[in-house]
**Q** 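Pasting in a structure now, in structure tokens, and then I'll have a few things to ask.
By convention here, the first residue in the shown sequence is residue 1.
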Amino acid sequence: MKKITIERNNCLGCGTCVILCPSCFKMNNDGRATLKDGEINGDLSEKKVDDLDCVEEAAQGCPAQCIKIT
């Protein structure tokens, strides 16, 4: 199982992650990306997944490099 984290304070709000991986990412009301069905802990949005699907492509395509996979 992998954990996906978005450092929301670094998010530019460009929506690249949503375009590349709409099954995992969405834009929040504050204009920053968040994980669908994820938890928001302060400035982090986190979610554990079994299948990375398109998440790696979204992480690589993020201009702010604020998506981490561990």
Side-chain angles (χ1 to χ4, degrees):
M1 184 166 287
K2 299 282 187 174
K3 182 166 91 171
I4 307 163
T5 304
I6 302 175
E7 298 167 344
R8 299 186 73 248
N9 57 332
N10 294 330
C11 177
L12 303 174
C14 69
T16 300
C17 57
V18 177
I19 292 167
L20 294 174
C21 194
S23 62
C24 290
F25 297 93
K26 66 180 182 176
M27 296 305 290
N28 205 0
N29 293 337
D30 63 3
R32 294 181 178 163
T34 189
L35 291 158
K36 288 184 175 179
D37 301 320
E39 295 180 17
I40 295 179
N41 298 318
D43 286 331
L44 299 178
S45 178
E46 301 175 319
K47 179 179 179 178
K48 291 184 180 180
V49 296
D50 289 321
D51 181 13
L52 290 177
D53 191 29
C54 49
V55 175
E56 290 175 321
E57 184 180 1
Q60 292 172 359
C62 176
Q65 297 295 294
C66 62
I67 302 169
K68 308 295 181 203
I69 302 168
T70 53

**Q** Would Cys21 and Cys54 count as a disulfide pair, i.e. SG atoms separated by less than 2.5 Å?
**A** yes
**Q** For the CZ atom of Arg32 and the CD1 atom of Ile6, what is their distance to the nearest 0.5 Å?
**A** 11.5 Å
**Q** Measure the shortest side-chain to side-chain distance between Ile4 and Leu35 over non-hydrogen atoms and say whether it is less than 4.5 angstrom.
**A** yes
**Q** Does a sphere of radius 6.0 Å around NZ in Lys36 hold more than 12 heavy atoms from other residues, nucleotides or ligands, not counting ones at 6.0 Å or beyond?
**A** yes
**Q** Do you know which two heavy atoms are closest between Ala33 and Arg8, and how far apart they sit?
**A** O-NE, 3.0 Å
**Q** Rounded to the nearest 0.5 Å, what separates atom SG in Cys11 from atom CG in Asp43?
**A** 11.0 Å
**Q** Who pairs with Asn10 by side chain to side chain donor-acceptor pair (under 3.5 Å), at least two apart in sequence or on another chain?
**A** Glu7
**Q** How long is the gap from CG on Leu52 to CE on Met1, to the nearest 0.5 Å?
**A** 11.0 Å
**Q** Can you spot which of Glu39, Met27, Lys26, Lys47 makes a side-chain contact (heavy atoms from CB on, under 4.5 Å) with Thr34?
**A** Lys26
**Q** For the hydrophobic clusters of this structure (ILVMFWY residues joined by side-chain heavy atoms under 4.5 Å, transitively), does one cluster hold both Val49 and Ile67?
**A** yes
**Q** Please examine the side chains of Val55 and Lys2, heavy atoms only from C-beta on, and report whether any two atoms are closer than 4.5 Å.
**A** no
**Q** Disulfide bond (SG atoms under 2.5 Å apart) with Cys14: which residues, sequence neighbours excluded?
**A** none
**Q** Look only at the side chain of Glu56 and the backbone of Asp53, and say whether a donor-acceptor pair between them is shorter than 3.5 Å.
**A** no
**Q** I need the Cys66 SG to Leu12 CG distance, nearest 0.5 Å.
**A** 7.0 Å
**Q** Under 4.5 Å between side-chain heavy atoms, counting indirect links through other Ile/Leu/Val/Met/Phe/Trp/Tyr residues: same cluster for Phe25 and Leu44 or not?
**A** no
